[in-house]
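To keep things clear, I will list the structure first and then write my remarks on it.
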Amino acid sequence: MTIMTWRSPTFSSSAGILACVGFCAILCAPARAGTVTGHVELVFSHDPNVRKHLDYSGVVVWLEPLDVAPTLSRAKHAEMVQKNKTFIPHVLAITVGTTVDFPNRDPIFHNAFSNYNGQIFDVSLYPPGTSRSITFQREGVVRVFCNIHPAMSAVIAVLKSPYFSVSGKNGNMQIVGVPPGSYRMHVFHERATEQTLNALTRIVEVTSDGAQLPPISVSESGYLQLPHKNKYGKDYPAAADSGSYVGPKP
């Protein structure tokens, strides 16, 4: 009597092992990240750069993952230069935990500060050719001013998501490296009301090929620009923006 035995197939051969490894790699490989693109425009604006030159820069668009909390990089650095009595860039988007350097490249003193909204800070008075730094640990919109020159202003958007972009002059924006999934899209512009910005929030589905956002129209209707105070909550002196620091030396 012949006894038949059965043996399970093995992957002892090189071809079998490679096939198994390749199959596992396909199953275990992370989904490919895509690029999210879009276009923004500003409407009902009183700003001459918008009305005459169609400058749609400075709109911050970011994606908040709905399925899992994003991983934020640590020890990141960004820069907001003070040159020709101007903050450059005027709008800066960063993630929570980022350190922002404020180099003074003017031949005069500066004093960057923020005393409301977002994270409050004051780098104090410092001379030309030097720099000060602030690490932003709190999510929110930070309005930046100079305690000497009232015409200087800027915005730092501190975000809990690494998926963001700031529109260029032509209104185009691009967010790279976005994993497939569901996201809540947020929009910020300094001359739009909170109600206007909340109405622009929407759910976005991103695939491995990315996503193309529908046109984003940001209305500046209802925006009122109010003069700001200095870091002490008082009006600026009449000669505050003359280019020279009026007061005691640090």
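Position 1 is the first residue of the sequence, and the numbers go up from there. Worth knowing before you read on, the calculation uses all heavy atoms, side chains too, and leaves out hydrogens, waters and symmetry mates.
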Seminar exercise, completed: The side-chain contact (heavy atoms from CB on, under 4.5 Å) partners of K229 (sequence neighbours excluded) come to D235

Does any N or O in the side chain of [X] come within less than 3.5 Å of the main-chain N or O of [Y], such that one atom is a donor and the other an acceptor?
| X | Y | value |
| --- | --- | --- |
| S167 | V40 | no |
| N84 | T86 | no |
| R138 | G118 | yes |
| N111 | C146 | no |

Electrostatic pair [X]-[Y], nearest N-O below 4.0 angstrom:
| X | Y | result |
| --- | --- | --- |
| R184 | E205 | no |
| K169 | D55 | no |
| D209 | R32 | yes |

For this session: Using ring-ring contact (aromatic ring centres under 6.0 Å, His included) as the criterion, point out the one residue from F113, F102, F145 that pairs with F121.
Result: F102

[X] [atom1]: over 12 foreign heavy atoms closer than 6.0 Å:
| X | atom1 | value |
| --- | --- | --- |
| E194 | CD | no |
| K160 | NZ | no |
| R51 | CZ | no |
| Y223 | OH | yes |
| Q212 | CD | yes |

What distance separates [X] [atom1] from [Y] [atom2], expressed to the nearest 0.5 Å?
| X | Y | atom1 | atom2 | result |
| --- | --- | --- | --- | --- |
| N104 | S131 | CG | OG | 8.5 Å |
| T98 | F136 | OG1 | CZ | 9.5 Å |
| D101 | H77 | CG | NE2 | 4.5 Å |
| H189 | I216 | NE2 | CD1 | 13.0 Å |
| L54 | S45 | CG | OG | 10.5 Å |
| S182 | L63 | OG | CG | 11.0 Å |

For this session: Show your working on side-chain hydrogen bond (donor to acceptor under 3.5 Å, both in side chains) between E64 and H186 and close with a plain yes or no.
Result: CA-CA 8 Å; E64 174 193 359; H186 299 275; 2.8 Å; yes

Exercise. Judged by modelled atom types alone, do Q225 and H46 share a side-chain donor-acceptor pair under 3.5 Å?
Worked result: no

Exercise. Honestly curious: do I108 and V81 fall in one hydrophobic cluster under the side-chain, below-4.5 Å linking rule?
Worked result: no

Residue pair [X] / [Y], side-chain heavy-atom distance below 4.5 Å:
| X | Y | answer |
| --- | --- | --- |
| I88 | M80 | no |
| I148 | F109 | yes |
| V158 | T95 | no |

Exercise. What do the steps show when you test Y236 against H228 for ring-ring contact (aromatic ring centres under 6.0 Å, His included), and what is the final call?
Worked result: CA-CA 9 Å; Y236 283 80; H228 64 276; 5.4 Å; yes

Exercise. Which of parallel (below 30°), tilted (30 to 60°) and perpendicular (above 60°) describes H149 and H110?
Worked result: perpendicular

Exercise. Where do R191 and D47 land on the salt bridge (Lys or Arg N to Asp or Glu O under 4.0 Å) test, with the steps shown first?
Worked result: CA-CA 10 Å; R191 295 192 302 273; D47 189 304; 3.5 Å; yes

